[in-house]
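What follows is a single structure, written as C-alpha cells, with notes after it.
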Amino acid sequence: MGCCGLLQAHCHRHDPQKYIIRGEIEIDRSPWFSLCASGSSVVFRLYSQDEMDPTTRKGVESENAYVMKGKELEKKKHEVLSMKVPTKVIKFELKFELYLPKETPKGLAELRKKELLKLQAPRLKGEWNPWDRIYDYDVYNDLGDPEKGRSYDRPVLGDSTKFPYPRRLKTGHLNCQHDHSRESGPARCFQFYVPPDERMSDEKLQELKNNFVEALIRFLAQESTPPHLWDRECPDFVTKVAHFFVPKAAISKKDVRFIRSIIDFCRKLKLPSSHGGPSRSDPSEEQDIFDDIIGFYADKEVEELDDSDRQRLEKLVPKEILDQVVATLALKRQHVSAQLPSIIAEEKFAAFEEEEFGRQMLAGTNPVRIRRLKEEDFSLLMENFQERYPGIKLEDLENLLKEKMKASRAFILDHHYLEQFLKMINGKGVRAYATRTILIADDPSSEGIVPVAIELSLPEDSDDGRSMFLVEENCSGVLWELAKFHVASNDTAYHQLVSHWLHTHAVVEPFIIATRRRLSVMHPIHRLLDPHFKDTLHINALARAIFLNAGGIVETLLFTGEYSLELSSHLYKEWRFDMQALPEDLLERGMAKPRVRDEVVSGPMEHVESDKSSNKAAKGAEQEMFEVDAEVELVLEDYPYAKDGIEIWTAIETWVTEYCNVFYHNDNDVKEDEEIQEWWNEIKTRGHVDRKEGWYDINTFESLVKALTTLIWITSGLHAAVNFGQYGYGGWPPNRSMLLRKFLPKEDEVERMDIMKFVEEMLPDKFQMKLAIAVMDLLSRHTSDEVYLGQTSPQKEWPLIEDDDIIQKKFKEFRENLEAIEQNIKERNKEYLLMNRWGYAKIPYKLLYPDTSKSMPPTSKEKGKHHPEKTDINESGIPNSISI
C-alpha cells in the first residue's frame, strides 16, 4: 500500500528516504489530535498505489477506521485521553516513497492532485478552526490596532509600491470594525491561527514562555533591600512596632518597607549597592553609568517589580507572561544571577577599542552590511563630503583611502538611507543621525580594520542638531567615541529590522506557504526542505503579536520607533533573491573576488554532472578537515563570518546536489516537473510579488540546486549568524545601544561638560536597557528540542534505511563534512594572528559552528521523562530552521 500524503500529520517523516512499515495503525495522543473538533469523528482510509479502481481512478480503498467513536479511556487518574477507541483496525503495509509528479503510481496520481487542490482552494471569510490546514497569503495588515486610536495606526505593508513587503500567512482573523482593510488581532496573544503542521510543540512553547519570564525577573525585578545588623538580630522589629500601633490587617508589606526606608534615612545608614560598590549615600563616591549597568548582571535577591516598570510592561508583554512574572515573585524572593555578555566577560571596556569596533563588522552579530570601498563609489562620496562640509580638509584622508583601495583594504559601513526618515524619527526622547563610517585595514601584519572617518548627517532643514564629519586623527577623542555610539546604534537597528527579521524570518515565509500549497508531501523537494521550515510560521506569528506590533517591544526599544517596519519595507526594495546566495552576496559587497583558476576544475554548480568530490572531509593524521574548492576568494581571509560561511554553504550545496541527483537525471527532468515550476512561479507572483527583480528561471539542474541551497542557507547558516550572538554583543547596551537620546555636543563644549553624565543622559533609560537585555537573553537561547544542521531523526522515531541506500549514504557524508568544519573552526580559533576571530574582547567566533556533533533532543516518547536543564548562552550551533 502507498502513503497517499493526505495524512501528513501522522506519516510525517524526518528523513528523505524509502522504507516499509508493517503493522497496525496505533493512535497516540498528540497536540494535533487535541485540535480536533469536540465530538467529531476522525476517519482513516488507505489507498493502494498499485491496484486502481477504474471508476474513481484512485487506488483501491480500504475500509474506514473511525478514531473518535466508542468509550473514553482513562490513562491515569489525572489525565484523560481526548480520543476514543477505534471501532475498526486496519492492518497495513506502508511503503513510503518519494516521486516526481510524472513518476507517481497510477493509484496515487489523482490523490496527489486532490491533496494540492484542497490546500490551494480559497477559504471562506471568518476565523478558522485550529485543526484546519489552510495555507494562503496575506499582506501585513495586522501590525496596527486602529481601534485603540491614531497612535496605534500603522500602514499596511505589501501590495503597494510605497510599502512593498513579502507576504505572510493568512490567519482568518476578523477585520477591524472601522477599517476592513486591517485585520484584528487574536483575543489572546498566544491564541492565533497557525496550521497544525506548523505549530511548535506545547513543550517548546512553554519553554519559550518560561525563558521570557525568567529573563524579565532576572533583569527587571527590584532587588530586595539587604538586611541590616539591627534587622538581622530582630527581623520582625519594624513589623512588631508597626502592629503595636496599627491593626495587622491595615498595614501591608509595602507599608513596612516604607517605614524601613524612613528609619534608614533617620539613622543615616549607608545602603550598599547590588554589586558591592561604593555607598549610594555618599555623592562623592557615585558610580558611573557603566558600573550601574554592570549591576544589572549581579547575583541578587529580587522581590517584586517596580510600579512604574510594571505599568510599562503591561503595555508591552502579553498578560499571560506578566501574570506569571508577578505570581512567581509573589511566592517568595527569587535569587537570580545573569551570565555576563561576552563583550564584557573579560574586559568591560574592550568594546571601545578601535580594533574591536571594526572587528564586530566582520565577526559580530551583523557582519553582513560592511562593503569594500570601490573607486567609483569613492569619487562620488568625496564629492558629496567636500560639498557638504566645505570647512574640513580632506586631502590627507583622500590620499590614504586611495592607497588602501589599491590593496582592497578600504571599507564602508553605510547607513545613509536613514536620513530621509530622521525628520519623523527624531523627537520624543530620540536623537539619531544617519551615519557613514569609513574603515581601513591599517596593519600590514593583520587584517583587523579600524574606523578613520565618520559622517553623522541630519536633514538640511533639521530643527535640532547639525550634521558632522569627523576624521579620527583631527577630532576630539571624546567626540570620536560618542560618534561611535551613534554608528553602533544605526547598525543595531539595521541588524534587527533587516539582517535578522526581514532577510531571514520575513522573506522565508512565502517559500514555506508555497511549498505546502504546490509541492506534494510525496515530492522529494518537499521532503528536502521540510526540516528547514520547522516552527518558522509559528515563530513569525508570535513576533508579529508581541514584538512587531504597534506600540510593542521593537517600537519601544529601537530609535526607529513607530517607523521601524516602514524602514524595513523601504529596504525590502533592495532585496534580490539571486543576491542571497552567500558567494553572490560577498561578490556584490566587494568582500570577495571570483577565484581565478589555472585550469578548468569542476566546482560547485558548474554543470549537471558537477563533481563535488573536491568538497569533502579529508582525513588527516590526527583529525578530519573539510577541504573547500570555493568559487570565490575572500578579500580578507580573516573575515570569520565569510570564511566559516563559505564552508557551510559548500557543504549544503554538495548535499543538495547529491540529493537532487537521485531524482533528476538531466535538465529536462527539472523543466518537466510541473510542481516545481508552479512552486517557483507562485513564489515570484504571489509570495514576493512586490519584488520583480532578482529572480531567475528554474529550468536547469544547476538553477534548481542554486535556489534550494540559497533557501537552506538562509534558514540555517544566515539566521544563526545574525541571531545567536545578540546577547553576547547587544546584551551590553553601551556596545550596541538600540536608541540614543542626545546629539553630539559641539567641540568647544566638550572640555567643560561632565562626560559620564552626558553618556548617562545619551543612553536609553534603565527600563529600556533592562528590557533590551532580557529580550536579547530570550532570543539568544536554543530550546531543548533544537535540531541542528546535519543531525538525523532519532532511530527510535523512524527506522533508518539500509546502509547502502544512496540518500542515506550522502546524508552521512553531509554530516561528516559539517563535523569536519567544526574542527576547522576550532583550529582557526587557535590561530593567534587571526585577530578578528577573538579581538580585544577575547570572544572566539562560534556563531557558524554547526554543533552537528551535539547529542540529539529527546524523542516524542521520551519527552514526558525529559526535563530540560537550563544552560548558558553559548553563541554557537546552526539550527535546521528559523525556530526562534
Side-chain angles (χ1 to χ4, degrees), residues 342-344 346-347 349-374 378 381 397 400-401 403-405 407-415 435-456 469-473 475 477 479-492 494-495 499 586 589-592 634-645 721-722 725 728-730 732 734-737 828-829 831-845 847:
S342 300
I343 191 67
I344 58 167
E346 295 288 336
E347 167 55 55
F349 292 116
F352 303 119
E353 295 288 343
E354 300 296 288
E355 292 82 356
E356 176 60 28
F357 179 86
R359 186 192 74 85
Q360 290 186 34
M361 309 308 161
L362 303 172
T365 194
N366 188 36
V368 294
R369 182 62 183 175
I370 191 169
R371 310 175 66 88
R372 180 167 60 87
L373 188 58
K374 301 176 184 178
F378 172 73
L381 196 64
L397 176 65
L400 172 66
L401 293 178
E403 176 189 341
K404 294 298 179 182
M405 281 191 298
S408 298
R409 293 170 76 87
F411 307 90
I412 185 168
L413 186 71
D414 190 349
H415 294 295
T435 65
R436 282 188 284 210
T437 307
I438 299 174
L439 307 98
I440 62 171
D442 197 31
D443 187 348
S445 64
S446 74
E447 293 185 329
I449 62 174
V450 295
V452 293
I454 298 173
E455 181 192 24
L456 304 106
F469 186 84
L470 305 179
V471 179
E472 190 268 341
E473 63 178 13
C475 83
L479 275 183
W480 183 252
E481 292 301 324
L482 295 177
K484 290 194 298 182
F485 275 93
H486 281 276
V487 174
S489 182
N490 278 192
D491 199 55
T492 298
Y494 182 90
H495 163 254
S499 302
L586 294 171
R589 290 190 287 122
M591 301 304 291
L634 298 180
V635 168
L636 295 175
E637 280 297 310
D638 191 12
Y639 183 2
Y641 163 74
K643 186 71 175 178
D644 298 357
V722 300
Y729 291 97
W732 173 239
N735 182 51
R736 292 186 68 79
S737 179
R828 283 196 287 270
N829 283 345
E831 291 288 337
Y832 177 75
L833 294 178
L834 298 178
M835 280 297 293
N836 291 330
R837 301 197 72 89
W838 281 84
Y840 280 80
K842 299 181 176 61
I843 307 174
Y845 188 76
L847 292 173

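Just so we're clear, the structure is a prediction, and the values are computed from it rather than from any experiment. All residue numbers refer to positions in the sequence shown, counting from 1.
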Non-hydrogen atoms of [X] and [Y] that approach each other most closely:
X	Y	answer
F485	P734	CE2-O, 3.4 Å
E637	E447	N-OE1, 2.8 Å
S408	R372	CB-CD, 3.8 Å
E354	P451	OE1-CG, 3.5 Å
D638	N836	O-ND2, 2.7 Å
G725	L847	N-CD2, 3.5 Å

Notebook entry, point to check: Which of these, L362, L834, D644, sits in a side chain to side chain contact (heavy atoms under 4.5 Å, CB included) with Y845?
Noted result: D644
Is it true that a side-chain atom of [X] and a backbone atom of [Y] form a donor plus acceptor pair closer than 3.5 Å?
X	Y	value
S489	S737	yes
H415	V487	no
T492	A488	yes
N735	Y729	yes
E347	F349	yes

Check: How far apart are the C-alpha atoms of R736 and D491, what are their side-chain angles, what is the distance that settles it, and do they pass the salt bridge (charged side-chain N to carboxylate O under 4.0 Å, His left out) test?
Finding: CA-CA 8 Å; R736 292 186 68 79; D491 199 55; 3.1 Å; yes
Check: Charged N to carboxylate O under 4.0 angstrom, E481 versus K484?
Finding: yes
Next item on the list: Could you grab the distance from atom CD1 of I440 to atom CD of E472, nearest 0.5 Å is fine?
Entry: 9.5 Å
Next item on the list: Answer yes or no: is there a side-chain heavy-atom contact under 4.5 Å between H486 and I454?
Entry: no
